[in-house]
Amino acid sequence: MATAKNKQRYDFKQIESKWQQRWQETGLYETVDLPDKDNKFYMLVMFAYPSGDIHMGHFRNYIIGDAVARRQMMMGRDVLHPFGWDAFGLPAERAAIQRNIHPDKWTKSNIEVSRSTLQKVGISFDWSREVASCDPDYYKWTQWMFIQLFKKGLAVRKKSWVNWDPVDKTVLANEQVKDGYAERSGAKVEKKELVGWYFKITDYADQLIDDLDKLPGWPENVKAMQREWIGRSQGLEVDFVIEETGEKLPIFTTRPDTIYGVTYMAIAPESDLIDRLNLTGDEAGAVADYRQEALARSEIDRAAATGDKDGVFTGKYAINPFNSERVPLWVADYVLAGYGTGAVMAVPAHDTRDFAFARKYGLPIKVVIHPDQGTVLDASQMDDAYTDYGVMVNSEHFNGLAGLEAIGAVNSFAEEKGIGRVVTNYRLKDWSISRQRYWGCPIPIIHCEKCGPVAVPDTDLPVLLPKVENYMPKGRSPLADVPEYMDVTCPECGNPAQRDPDTMDTFVCSSWYFLRYIDPHNDHEPFDKKKAAAWMPIDLYVGGITHATGHLIYFRFFTKFLRDIGWLDIDEPATRLFNHGMVMDAQGEVMSKSKGNVVSPIAVMGERGIDIARLAMYFTAPSDKEVAWSDEGIVGVEKFVMNRLYPMVESYRESFPDLKQHFTLAELSGADRDIYVKLNQTIKKVSESCERLQFNTAIAALMELTRDYEPDKISNDQLNDAVILKTIQLVAPLAPHLAEELWERAGLDGSVFRSGWPEYDPEAIVGDLIEIAVQVNGKLRDSINVPADADQAQVEETALASERIQAHTEAKQIIKKIYVPGRLLNIVVKG
RNA sequence: GCGAAAGUGGCGGAAUUGGUAGACGCGCUGGAUUUAGGAUCCAGUUCCGUGAGGAGUGGGGGUUCGAAUCCCCCCUUUCGCACCA
């Protein structure tokens, strides 16, 4: 009944609550306000949406951060490890509506439940710094941020084509739309022209791309995604001229070398340029019909029709400024209003889309690029465009130029003649932040007929979100129907004026929360500059990959902006980013509420204890890979805890060794020497594994150590006890309650988390005898044991004495021997 | 279509810089102990072969004394972007 006895003794419930209580009483995780800049560690996990209780995905995220925070604490650093709630926003509001509970009440009760879960899980958050973005003390400063942007001309109000979510009845940012569907509601996104607020993130596009090179601690895939999302492209803007009106029609092209191949031009259906063409007759009607039809189509329908392009001729012509050629002007679906100038020059011979369009409507195809001097393309024989670089032909004085040289020549010519200029375009658009919803941070702007949009004075902040009963989405902001909120006087002229009725995108709230943690109770500033200078940047930011092109761009943007207005002295908010893998169910399916396969960490914890649940999660896979959570995975670590780790402390001999002191290897022998070497190898392995966030291999190393630990064979009491205590220290970041309990049971005072992190003895990571692999011609033939300090000659002698080696070298000529010290000997033979 | 990452036993996964492939765990097999075992302990467990030995990290080539690791081609999977001119 050994196990039953152990299980009884490992009373995890009692241990967990005891230590959680003690951590709280002693304020173990409460950190200093102003740390030593060279000895601090800012460990950040992403803000949580309080849309329900904590699930396995959160659990995994937070225990990764927790292990890092705890180890850093043991290493003697000032650690900031805060937590808070991304409490405004659509999901919270939608969930509240479904349950018919006011979002305020629902959000707050969710926060209570989730916080209590997290506290039961024993994450080392400093709860004294907790923030919630729906709290007026917080969103006062979100509004302050808006006003700073507004004052710098980086928050602007404009009419623009927006993504409209017909289910949630609000505008969405591009980052919230995936494949034409709303990320949150799943509705097909519509196009709508609306007035709203935009943050000019495009002003920072270059920095946001270029500074990615300063982030070696970020995963390459995230950086690649951000580069693509920002989508910088260099090209030439050429002024074509509308024949009839003389109006300039600028277009953007990345292929100026194909300018002589333009055979028509195409304008986006949304473009207001069309209104200025003075269309008449049949064409006017046809174009109007076409525009209406095109606008009715959703984004995905347009995007899906990749092969099938359509359009309509306007009856008008434009002039190519390079050769004065007259080309027809079309309106075409495949031209995007939001990119470049909303119009393109079409070169069917050298652009796949233009080629398809030209073939469909019988437009001319003119070859102006040849693959090389010897190859000639014939337009009538082509079945697709030739889009590679090549030699310019049929292009007047540019003939013969190729590739980048050709582009350079055309660019210079255009600039000299004043018919074009080199420009950079971005795929990234300005960030649309107005939301026609109730549950969000009010926009601190007052619209005055005389003064225009006026910022609410700092002294009047926060603009409180009024408590209303009717917060249902209806396509216009619910706040617009609350006169006591809307009707105010203009702060500048005193005339009657109206508040902006919209609320902000929640991504605004989460773009600066990491700074509020630094100084969460400051009531006269968003945060203290000195404190921020000391704590920033974030040393490790752990979260899911889902935010790669949303939040993780926005918070970089905010950091750069705050730097520019003198609040921060850093270029980038986080030096290291880590994306943990997702948690799937045992069948490998994503856990989701709709599938009903969500596993709560609480359930597992109740049966086996938090620390075993934590170890199981760490051990299943390296932190960046996805895991299929199943109870079977727990068996191995449970045995490790029950049979090896927990009983280990019973062998403690109360010698209370000095843990800072290494033993002298030469004075140890036999089992003492072996376990001392193993201990130091383990310290090295666990430290390195933790550094790389590969806790699975850290646990594997600890399993080996406890397996090899045989107290009966150890004669040195101090050594025996040092092995036990250091093992407890090594496991502490991963299994904190267990470690504290063992530490106390060994008779030590204070928290294990204040006891230091073990350092390995460099003298003791190699044993007495080492195994050398012996190869003949690169094939393993034997392995020999030699003293650790043996030189090459000694190794060779031993190797050649081996019968198995002799069998392969006999009657053969030894050409050379390659010796890798401490690892292998390769004997190369011939004949 | 473009871009990125990855492919290792029955399974999860090890293997910093090229240097004994399969650590650690699950599962499985055999044994010990036990009234019993879904407990514990011991041994075994990549494949073929009784053995010596041979093969082996998605497939095919290459570089090297030596390749899971580096290079080229191909296949598969995952992720991201998808009319961006």
By nearest-nucleotide position on RNA chain B, the 5'-leaning member of A:Thr254 and A:Val177 is A:Val177
Pair A:Asp708 + A:Lys713, salt bridge at N-O below 4.0 Å: no
When you measure from the side-chain N and O atoms of A:Asn826 to the phosphate of B:G19, is any distance below 4.0 Å, counting only OP1 and OP2? no
For A:Arg644 and A:Glu771, find the nucleotide of RNA chain B closest to each by heavy atoms; which residue's nucleotide sits nearer the 5' end? A:Glu771
Separation of A:Leu552 atom CG from B:G80 atom C1', in whole Å? 14 Å
Taking atom C1' of B:A39 as reference, at what distance in whole Å does atom CD of A:Glu638 sit? 12 Å
Given atom CZ of A:Phe619 and atom P of B:A14, what is their separation to the nearest angstrom? 10 Å
Assess whether one donor atom and one acceptor atom, taken from the side chain of A:Lys817 and the base of B:C65, lie less than 3.5 Å apart. no
For nucleotides B:G9 and B:U16, find the distance between their C1' atoms and express it as a whole number of Å. 24 Å
Base, sugar-phosphate alone, or nothing: which one does A:Lys429 contact when heavy atoms must sit under 4.0 Å apart? nothing
Short side-chain N/O contact from A:Arg427 to OP1 or OP2 of B:A82, under 4.0 Å: yes
Counting just side-chain N and O atoms, does A:Arg823 come under 4.0 Å of either OP1 or OP2 of B:U17? no
To check you understand the geometry: which heavy-atom pair defines the closest contact between A:Asp239 and A:Pro250, and what is its length? OD1-CB, 3.5 Å
Answer yes or no: does a side-chain N or O of A:Lys625 lie under 4.0 Å from OP1 or OP2 of B:G7? no
Student check: side-chain heavy atoms of A:Met345 and A:Thr258 closer than 4.5 Å: yes
Within 90° of 0 counts as syn, otherwise anti: where does B:G9 fall? syn
Do A:Leu738 and A:Tyr10 have side chains that approach each other closer than 4.5 Å (heavy atoms only, starting at C-beta)? yes
Under 4.0 Å: is that the gap between some side-chain N or O of A:Lys639 and OP1 or OP2 of B:C26? yes
What is the distance, rounded to the nearest whole Å, between atom OH of A:Tyr819 and atom C1' of B:G66? 16 Å
B:A85, OP1 or OP2 - any side-chain N/O from A:Ser233 closer than 4.0 Å? yes
Euclidean distance, atom NE2 of residue A:His547 to atom P of B:C79 [Å, nearest integer]: 18 Å
For B:G3, give the paired nucleotide (Watson-Crick: N1-N3 plus N6-O4 or O6-N4; G-U: N1-O2 and O6-N3; both under 3.5 Å), or none. B:C79
Please tell me if A:Asn696 has a side-chain N or O lying less than 4.0 Å from either OP1 or OP2 of B:G12. no
Does OP1 or OP2 of B:A85 have a side-chain N or O of A:Tyr339 closer than 4.0 Å? yes
A:Trp629 has an atom CH2; how far is it from atom P of B:G12, in whole Å? 17 Å
Report the distance from atom CE of A:Met642 to atom P of B:A39, rounded to the nearest whole Å. 13 Å
To the nearest angstrom, the CZ-P distance between A:Arg60 and B:G12 comes to 14 Å
What I want to check is whether an N or O donor and acceptor connect the side chain of A:Gln775 with the base of B:U20 at under 3.5 Å. no
On the 0 to 90° scale, with breaks at 30° and 60°, tag the A:Trp330-A:Tyr361 ring pair as parallel, tilted or perpendicular. tilted
